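Reading through the C-alpha cells given below for one structure.
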Amino acid sequence: MKKLIVRAVPGAVALTLATLGMSAFAQTTAPSTTEKVEDASKSAWDSTKHTSKKAWDATKHGTHKAVKATEHAADATGNAIDKGATSAADATRNVGDKIGSKLPPDPNKP
C-alpha cells in the first residue's frame, strides 16, 4: 500500500496542477466579445483611414493633372492668338504700305 501511495500522490498532484494550469490558460487566451469588437472596430478605422488617404491622394493627383492641362491649354491659346494677331498686324501694315505708295504726296508737308 505504501508503494501505491508513493506512486499515486505525485501523479495526482501533477494531474491537479496540470488541470489548474490548463483551466487558467483557457481563460486567458480566449478573447472576449468586447475585445473582438474593439479589434474589429480598430481594423475598420485603420481601413477607413487608409482608404480616405488613397482617395485624397487620387484627388490631389487628378486636380494637379487638371491644373497642368488647363495651363497648357491657356498657353497654347495665348500663343495662337499672339501668332494670329501678329499676322493680322503684318497684313494690315502691308496693305497700308501699298495704299500709301499709290497716294499722291501731301501738298501741306514741306
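No experiment lies behind these values; they were computed from the predicted model shown.
At distances below 3.5 Å, at least one donor-acceptor pair connects side-chain atoms of T59 with backbone N or O atoms of A55.
Residues meeting the side chain to side chain contact (heavy atoms under 4.5 Å, CB included) test with K98, sequence neighbours left out: none.
Sorted by first then second residue, the side chain to side chain donor-acceptor pair (under 3.5 Å) pairs that include residues 63-72, not counting sequence neighbours, number zero.
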Distance-only criterion, 3.5 Å: show the donor-acceptor pairs between side-chain atoms of residues 75-92 and protein atoms not counting sequence neighbours.
unit_1: T77; atom_1: OG1; unit_2: A73; atom_2: O; d: 2.8
unit_1: N79; atom_1: ND2; unit_2: D75; atom_2: O; d: 3.4
unit_1: T86; atom_1: OG1; unit_2: D82; atom_2: O; d: 2.8
unit_1: S87; atom_1: OG; unit_2: K83; atom_2: O; d: 3.0
unit_1: D90; atom_1: OD1; unit_2: R93; atom_2: NH1; d: 2.7
unit_1: T92; atom_1: OG1; unit_2: A88; atom_2: O; d: 2.8

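A heavy-atom distance below 4.5 Å is not found between the side chains of D39 and K36.
The distance from the NZ atom of K42 to the CH2 atom of W45 is 11.5 Å, given to the nearest 0.5 Å. Taken from CG in D46 to OG1 in T51, the straight-line distance is 10.5 Å, to the nearest 0.5 Å.
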